[in-house]
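A short write-up of the structure that comes next.
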Amino acid sequence: MSARTSDVLVVGGGIIGLVTAWRAAQRGLVTAVVDPEPGGGAARVAAGMLAAVTELHHGEQTLLGLNVESARRYPQFAAELSDLTGHDLGYRRSGTLAVALDADDRAHLRELHALQRQSGLTSEWLSGRECRRLEPMLAPGVRGGLRVDGDHQIDPRRLAAALVTACERAGVTFHRRWAERLSVVSVGGGRADGIVTDDGTALKAGQVVLAGGSLSGRLAGVPRELLPPVRPVKGQVLRLTVPPRYAPFLSRTVRAVVRGSDVYLVPRENGELVVGATSEELGWDTTVTAGGVYELLRDAHELLPGISELPLTETRAGLRPASPDNAPLLGPSGLDGLLLATGHHRNGVLLTPVTGDVLAHVLTTGELPDLARPFTPRRFGAAALSEQPA
Ligand code: GLY
């Protein structure tokens, strides 16, 4: 079939692919996205917490810098996208309360508080009574908590829909097919020059961005040693509805670690209450299981016994695209013409603004901006791995 040409071809129409395409088109690049269902992917499942502070983990300080920078860009990003498209993104700056239900949880939360302070982040320790004063539906057994007013939320489904509209307005072309194979021409050390879709159409492009979420490591035609080391991490998520007579059930996101697992409840202004999430290494399985739903409800019920009154309106499972160090892979892949924007793991929604900016910069200048240098895909390349101490 005949070839169609663009400056940039983005493989994957999830929020990361869409923001990349939108920002590239805004910079004057002729841009196309290939995805059977743009606006789908993990954003259909994600709760949308912008949790740079409450999801801080030991050993992830480098990632923290990128997370904090993206959180800083969010207000302007959301305002621009919303003004341009007329979409309400459900962006809510109502903050987060991380609570402890027993002495072990409290010790864990105290450690997180210390790490946050060492990292220059703002959070406030509250007694159990102070937590319940903020959120009266909390269980009486809550032993203390961390108030983080800077961790906000957005509705990822609305974000994805707005990004599709923004792309359309910026002139991005959508090819609603699967990308089957990267096309590589053998000049010099080889160069990516497009993809072939599952109906055999050849789409040619000056640069290809692989933004396929957890599928990014599977695109045929990418040289084996350059395939991004991304694996799927399953998350099951529930949606409840708060009837008007119970509103406001929660005024901010509430989360805890219960029996070693994260549970969070994210209240939207429209009455949706998102409860997440399991974290399961089960390959490509996206089954919603009785055990997953049971554990989420059991843990959420310990935090907020009143949830048992609420209608359960949706259950879903999605796949986080996880990399070996939990940080994204951004920029040139090592094959000319092929760039990566994948591996965002737990932080895809949070990192959407900064990813769009970074990829647009690389696509137009060929250079990674300083803040993205630690996230070069080359850190996992064959050379980097052979430099690791045994
Ligand atoms: N960032 C929330 C999650 O991955 O479950």
Side-chain angles (χ1 to χ4, degrees), residues 14-16 41-60 63-64 66-68 70-71 74 90-92 94-99 108 112 116 121 123 146 148 150-157 159-160 213-214 230-240 250 252-268 272-282 285-286 288-289 292-293 295-297 299-300 303 314-328 342-355:
I15 51 177
I16 295 299
R44 299 291 308 153
V45 182
M49 292 180 299
L50 307 176
V53 181
T54 40
E55 288 202 357
L56 174 62
H57 290 83
H58 280 287
E60 293 186 3
L63 175 59
L64 173 68
L66 195 69
N67 286 347
V68 167
S70 203
Y74 238 104
Y91 180 47
R92 209 174 161 193
S94 43
T96 297
L97 184 63
V99 299
H108 170 85
L112 176 63
Q116 288 167 345
L121 302 170
S123 58
L146 276 177
V148 181
D151 273 0
H152 302 150
Q153 60 151 299
I154 197 160
D155 183 336
R157 294 177 181 177
L159 172 63
S214 52
V230 175
R231 68 182 196 284
V233 176
K234 176 179 173 183
Q236 300 190 48
V237 174
L238 317 177
R239 281 170 166 83
L240 313 182
L250 282 180
R252 74 203 68 223
T253 295
V254 167
R255 59 185 303 152
V257 178
V258 182
R259 296 181 197 84
S261 300
D262 279 313
V263 62
Y264 45 78
L265 295 101
V266 182
R268 306 245 194 267
E272 184 176 83
L273 181 64
V274 186
V275 181
T278 63
S279 191
E280 304 164 74
E281 303 262 1
L282 290 174
D285 173 58
T286 51
V288 175
T289 62
V293 175
E295 282 166 27
L296 286 172
L297 288 177
D299 295 349
L303 282 182
E314 194 183 317
T315 59
R316 266 189 198 242
L319 299 172
R320 304 174 184 88
S323 74
D325 60 7
N326 296 331
T342 188
H344 292 68
H345 196 204
R346 296 184 308 264
N347 299 303
V349 181
L350 172 61
L351 290 174
T352 295
V354 83
T355 299

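Excluded from the calculations below are hydrogen atoms, water molecules and symmetry mates; all remaining heavy atoms, backbone and side chain alike, are included. Since we're looking at a predicted model, the values are computed, not measured. Start at 1 and go down the list; that is how both ligands and their atoms are numbered.
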Qualifying residues under salt bridge (charged side-chain N to carboxylate O under 4.0 Å, His left out), relative to Arg259, sequence neighbours excluded: Asp299, Glu302

Subset of ligand 1 atoms that lie under 4.0 Å from at least one heavy atom of Tyr264: 2 (C), 3 (C), 5 (O)

Proximal atoms of ligand 1 relative to Ala277 (non-hydrogen, under 4.0 Å): 5 (O)

Note: Arg92-Glu272 ion pair, threshold 4.0 Å (strictly below): no

Which residue and heavy atom of the protein sit nearest atom 4 (O) of ligand 1, plus the separation: Arg320 NE, 2.7 Å

Residue pair Arg252, Gln153: steps toward the side-chain hydrogen bond (donor to acceptor under 3.5 Å, both in side chains) verdict: CA-CA 9 Å; Arg252 74 203 68 223; Gln153 60 151 299; over 6 Å; no

Minimum-distance protein heavy atom relative to atom 1 (N) of ligand 1: Arg346 O, 2.9 Å

Gln236 and Glu280: side chain donor to acceptor below 3.5 Å: yes

